[in-house]
2 protein chains.
Amino acid sequence: MIFGPPNDFREKSNSYRAVGELRRLIFAGELSPGSDHLETELAERLGMSRTPVREAALMLEAQGLVEVRPRRGIRILPVSPEDMQEIYDILTELEALAAARAASAPAGERDLSLLERSIEDMDAALKSEDRQAWADADERFHSELVRLGGNRRVEAITAMMADQVRRARAMTLYMRPAPVKSHEDHRGVLEAIRSGDAEAARRIHHSHRTEAGAMLIALLRQHRFHQL
Amino acid sequence: MIFGPPNDFREKSNSYRAVGELRRLIFAGELSPGSDHLETELAERLGMSRTPVREAALMLEAQGLVEVRPRRGIRILPVSPEDMQEIYDILTELEALAAARAASAPAGERDLSLLERSIEDMDAALKSEDRQAWADADERFHSELVRLGGNRRVEAITAMMADQVRRARAMTLYMRPAPVKSHEDHRGVLEAIRSGDAEAARRIHHSHRTEAGAMLIALLRQHRFHQL
DNA sequence: TTACTCTTTAATGCATACATTAAAGTATGC
DNA sequence: GCATACTTTAATGTATGCATTAAAGAGTAA
């Protein structure tokens, strides 16, 4: 599930459909963090038998999203500010690595258009004060950066964490100051990549993520989001 | 499987036994990289029915160790030098993070004895020219460092990659020069942690892993280990 | 031969049955 | 009332059966 290109059968297979469906339910808040759910219950809800649900639960457990506790149900793992700190720490390192690698790649083989596009979109969103649009573009920037880094495992790991980050960010989106500094950072990273300066790309992105993470965690704590 | 403390039921359950058993078979070389295996075949081999084997395969797939290809069998994923480079890049960043975090922790809460012990063991192994003992102690050093870093997700990710690294290192253990430089690096990291110098710990460990990784990859390529 | 279609084979995905056993509930003794 | 032993319940872990369908093989025409 984490690794490898999605084979087409995964779309047809109930097991993988269950993985996607459960992820969706979790992040839509329909399966709330900390709640327990019996295999039978979820199976009925998804309109399939226990087998594929069970398989999906095990895969989601391997991804750290749920915990399978025999006879007590499948628990949707809550994410505390401490968890979010862990996640941000990892994203900071791996994305900074990706930025450095993206800058090291031969200029000819790089297509920075998506990166540029996402920055433009953030720019527009900033001007029209559309925070959701900004957040969407920001997410595109980060995932495209990781893609340019060219490390499939980094892509897999960061993608796995993306959903949880998105949820935390959604909660604090309107509490934080306007992301003007972020915007400068993004431009700085792009420029460093374009000019092939790997260490600058790494450094700028690293401090960008570090600051953004610190702010997010502080907001979560301030607003007493002890679990989400 | 990746995350969370191992509940006791996992030892009893055939599914989790199958995960461990399959891992063992893979790294013992009994299931060679690139080979395909039908669910039925593995089930018979492990003395259980297809169900737990199937579940184990899905969990191992989530960990990136195998690929489940319907009707073609469970494929043991080969690891190329490029894959090993990806893995080392990630380990470099995450272990360097762990070193920094370990150095930042209050001195009173740190127990560096295991770290010291592993360095002493490496020292002894170096003198008696016992490379396997050195490699074992080295692995203990790295895993203990990650533990001290205090990020459970980093622990999970690095643990997941440890087996694959071990295999690659085993192949090159007797080809590389004596690990004298490594030894200095380890001492340097320990001293930086002890004195609470997070940035030094990070920097030294980062360059240590970078160099060790570059050497390993070069050896793999030299000796034409295109997949392992 | 090669390309194409049809048939056969068998591995899988899923549903289901059932034994096991943890947890909840009940009864008993103090 | 409270703790302990016993009974009941029901969720799980695993085996198994079967329909589906990809892949292999056979047959046919060029």
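To find a chain, count down the sequence lines: A is the first, B the second, and so on, and within it residues start at 1.
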Under the rule for ring-ring contact (aromatic ring centres under 6.0 Å, His included), what residues qualify as partners of A:His208, not counting sequence neighbours?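 Counting only residues at least two positions away or on another chain, A:His208 forms a ring-ring contact (aromatic ring centres under 6.0 Å, His included) with A:His142, A:His186, A:His205.
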Under 4.0 Å between a Lys/Arg side-chain N and an Asp/Glu carboxylate O for A:Arg147 and A:Glu144?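 Here A:Arg147 pairs with A:Glu144 in a salt bridge, since their nearest N and O are under 4.0 Å apart.
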Is any side-chain N of the basic residue among B:Asp83 and A:Arg152 closer than 4.0 Å to the acidic one's carboxylate O?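 Salt bridge flag = no for A:Arg152 with B:Asp83.
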Can you list every salt bridge (Lys or Arg N to Asp or Glu O under 4.0 Å) pair that touches residues 216-228 of chain A, not counting sequence neighbours?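 Qualifying pairs: A:Glu82-A:Arg221.
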Those residues of residues 40-52 of chain B lying under 4.0 Å from DNA chain D by at least one heavy atom: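 Hits under 4.0 Å, by residue number: B:Met48, B:Ser49, B:Arg50, B:Thr51, B:Pro52.
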Rounded to whole angstrom units, what separation is found between the [atom1] atom of [X] and the [atom2] atom of [N]?
{"X": "B:Arg54", "N": "D:dT16", "atom1": "CZ", "atom2": "P", "result": "17 Å"}
{"X": "A:Arg17", "N": "C:dG13", "atom1": "CZ", "atom2": "C1'", "result": "12 Å"}
{"X": "A:Glu55", "N": "D:dA15", "atom1": "CD", "atom2": "C1'", "result": "14 Å"}
{"X": "A:Glu61", "N": "D:dG13", "atom1": "CD", "atom2": "P", "result": "10 Å"}
{"X": "B:Ile74", "N": "C:dT12", "atom1": "CD1", "atom2": "C1'", "result": "11 Å"}
{"X": "A:Arg72", "N": "D:dG13", "atom1": "CZ", "atom2": "C1'", "result": "18 Å"}
{"X": "B:Arg75", "N": "C:dA11", "atom1": "CZ", "atom2": "P", "result": "17 Å"}

List in chain and number order the residues that pass side chain to side chain donor-acceptor pair (under 3.5 Å) with A:Gln132, two or more places apart in sequence or in another chain; answer none if no residue qualifies.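 Here the qualifying residues are A:Asp136.
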Going by the side chain to side chain donor-acceptor pair (under 3.5 Å) test, which pairs reach into residues 97-112 of chain A, not counting sequence neighbours?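 Checked against side chain to side chain donor-acceptor pair (under 3.5 Å) - neighbours excluded - the pairs reaching residues 97-112 of chain A are A:Arg101-B:Asp89, A:Asp111-A:Ser113.
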Verify the contact: side-chain N or O of B:Asn14 to OP1 or OP2 of D:dT14, cut-off strictly under 4.0 Å; return yes or no.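 The answer is yes; a side-chain N or O of B:Asn14 sits under 4.0 Å from OP1 or OP2.
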Should B:Ser13 be listed as having a side-chain N or O under 4.0 Å from OP1 or OP2 of D:dT14?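 So the side chain of B:Ser13 is within the cut-off, an N or O lying under 4.0 Å from OP1 or OP2 of D:dT14.
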Enumerate the residue pairs fulfilling ring pair (Phe, Tyr, Trp, His ring centres under 6.0 Å) with a member in residues 46-77 of chain B, sequence neighbours excluded, ordered by first and then second residue.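 Every candidate ring pair (Phe, Tyr, Trp, His ring centres under 6.0 Å) pair involving residues 46-77 of chain B fails, so no pair, neighbours aside, qualifies.
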Could you run down the sub-3.5 Å N/O contacts of the protein with nucleotides 5-10 of chain C?
none

At under 4.0 Å between heavy atoms, what does A:Glu39 touch on the DNA or RNA strands: base, sugar-phosphate, or nothing?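 Touches sugar-phosphate only.
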Can you sort out the partners of B:Arg24 under salt bridge (charged side-chain N to carboxylate O under 4.0 Å, His left out), two or more places apart, ordered by chain and number?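 So B:Arg24 forms a salt bridge (charged side-chain N to carboxylate O under 4.0 Å, His left out) with B:Glu21.
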Quick one: salt bridge (charged side-chain N to carboxylate O under 4.0 Å, His left out) partners of B:Arg176, sequence neighbours excluded?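 With neighbours one apart ignored, the set is empty.
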